[in-house]
Amino acid sequence: MAQKPKVDPHVGRLGYLQALVTEFQETQSQDAKEQVLANLANFAYDPSNYEYLRQLQVLDLFLDSLSEENETLVEFAIGGLCNLCPDRANKEHILHAGGVPLIINCLSSPNEETVLSAITTLMHLSPPGRSFLPELTATPVVQCMLRFSLSASARLRNLAQIFLEDFCSPRQVAEARSRQAHSALGIPLPRSVAPRQR
Amino acid sequence: MASSSRELGSLFDHQVQRAVCNTWAKYREGRRPRAVKVYTINLESQYLLIQGVPAVGTMKEIVERFALHGATEQYNALDEYLAEDFTEVYLIKFINLQSARAAKRKMDEQSFLGGLLHVCYAPEFETVEETRKKPEVRKAYVDHYVTKKLVTEHKDTENFRQDFHSEMSGFCTAAVNPSAGNSNPYLPYSCELPLCYFFSKCICSSGGHVDRASDSSKDDRNHGKTMGHYNHNDSLQKTQINTFKNSVAYPDRFMPRTTKLQERQRRREDDCKVGTFLETNSSSNEVMTGPLLPDISKVDMHDDSLNTTANLIWNKL
């Protein structure tokens, strides 16, 4: 049997979202923060909420949360951004708020969901075929995608491949690949070896 | 680098059933107990993994149950997956994501032949092309929703203008020209607002509510183990904030407190004037309505100044 609503119907959706944002800002409990952020991130999937979310500055809340030490909060925040960035107004807000570097940072997360959400968000922020956002196709990003395309994870592999094929030019990929070949990145450092005596 | 190692046959992290969260705050507790999880387009998939199917040769039955929610393209048992004793794991691929979403919402945690099904998305089975298509479909849906919402608001704006025009013509003789001033169809308030000052109560309503697009309800997402149940149209509250109505409808004029106090003072003064008028005309044959109250006997304070004060008080009463 369905329970009665726990929220006063008169509060409405905007009021409910406002209550979530208020709780996130005021609570000291990490569990509560995670719950509320996940709640907001799931609301961010529904376009009917976008106007309220912009009004309540939830986009900025998500962007701020990308710098949290708590990996779960980062995962939920980038998930929220991934959910709402297909909308043009949201996308412009993220770009103007300087969200791209924060999202690129998420590519180095050990959490796979965080990385997947970051890649998808970058894809939505950069229309295919155009490169008017050079920071999205900068060499380090392309190199990162090249590494992901070799990952054991099929989801990561697929997304990286799509990013390289649809959002990077062949020249950019070739340049990143050649730089990677000569780069020391990925080569494990030797264990403690005594220097050769001459 | 994201870690995604997994032993052959074991579940991925996103497929592991998470524990239900028991520490929800009262105001955001849902109908069903849920875990803390965020669903994105990456996690959703037309592939569903079904665990907990009793191993009694029920593939046909389970596939038929799931096919009730949409056309399926392929299905097979996953023998390499570690399953609980006496259960099997199946993979079903739906033609489209919406069907998979609906099937997951309806079938997850459902009883089936004595077992409890656990249904989750299985995006790891997608091809590159299927993965590519997902964000494109998602973007197309969001664009379509936003465009449709703008068109609906525009239509309601036009309806409102027509309704407003017909109502106002009965109130004022001056021609109402809604096209005067700001003719931006998406900002009706800017051109209608000044007319409201002429009427203390201007009950104007738009021709129709701008309903929140109900398309999202047709795309019901099941978060399964998540919150966000308010996303759906089957959410706890059917009340919808209608910002268009709020922006266009004319509520009673807001009167600040000091104005109300002044208004009361003015009314008292008017009543006093009326009372004085009535007293001066008490000799006329005017019919008095209401009960005739007994005269209040005046108190003699045995002092002129006190009597004056008392009389003033009695008169005020």
task = State whether the number of non-hydrogen atoms from other residues, nucleotides or ligands found under 6.0 Å of B:Lys133 atom NZ is greater than 12.
result = no

ask   = In this structure, are over 12 heavy atoms from other groups packed under 6.0 Å from B:Tyr75 atom OH?
value = no

Validation row: A:Pro47, B:Tyr141 side chains within 4.5 angstrom (heavy atoms) = yes

ask   = Looking at side-chain heavy atoms only, is the closest gap between B:Leu43 and A:Glu113 below 4.5 Å?
value = yes

note = Only one of A:Asn83, A:Thr121, A:Ile78, A:Leu81 passes side-chain contact (heavy atoms from CB on, under 4.5 Å) with B:Thr40, and that residue is A:Asn83

Closest contact, heavy atoms only, [X] versus [Y]:
X	Y	value
B:Arg138	A:Tyr45	NH2-O, 2.9 Å
B:Val36	A:Glu34	CG1-O, 4.0 Å
A:Leu159	B:Thr131	CD2-CG2, 4.1 Å
B:Glu126	A:Asn158	O-ND2, 3.2 Å
A:Asn42	B:Tyr39	OD1-N, 3.0 Å
A:Met123	B:Pro135	CE-CG, 4.3 Å

inquiry  = Does the Lys NZ or Arg CZ of A:Arg155 fall within the cation-pi geometry relative to B:Phe125 - under 6.0 Å from the ring centre and within 45° of the axis?
reply    = no

ask   = What is the distance from atom CZ of A:Arg88 to atom NZ of B:Lys139, rounded to the nearest 0.5 Å?
value = 6.0 Å

message = Report which part of B:Ser45 has an atom under 4.5 Å of a heavy atom belonging to chain A: side chain, backbone, both, or neither.
response = neither

message = Using only atom types and a distance under 3.5 Å, with no angle test, would you say the side chain of B:Asn42 pairs donor to acceptor with the backbone of A:Gly79?
response = no

message = With a 3.5 Å distance limit and no angle check, can you tell me whether B:Asp143 reaches the backbone of A:Asp87 through a side-chain donor-acceptor pair?
response = no

message = So which residue, B:Val146, B:Val142, B:Val128, ends up with the most heavy-atom pairs under 4.5 Å with chain A?
response = B:Val128

task = With sequence neighbours left out, write down each residue that passes side-chain contact (heavy atoms from CB on, under 4.5 Å) with B:Glu136, or none if nothing qualifies.
result = B:Arg132

For A:Ala138, side-chain contact (heavy atoms from CB on, under 4.5 Å) partners two or more places apart = A:Pro140

request  = For A:Glu51 and B:Lys149, run salt bridge (Lys or Arg N to Asp or Glu O under 4.0 Å): C-alpha distance rounded to whole Å, both residues' side-chain angles, the deciding distance at 0.1 Å, then the answer.
outcome  = CA-CA 11 Å; A:Glu51 211 170 302; B:Lys149 184 182 160 194; 2.5 Å; yes

note = Residue from A:Thr114, A:Ile119, A:Leu116 scoring the most non-hydrogen pairs under 4.5 Å with chain B is A:Leu116

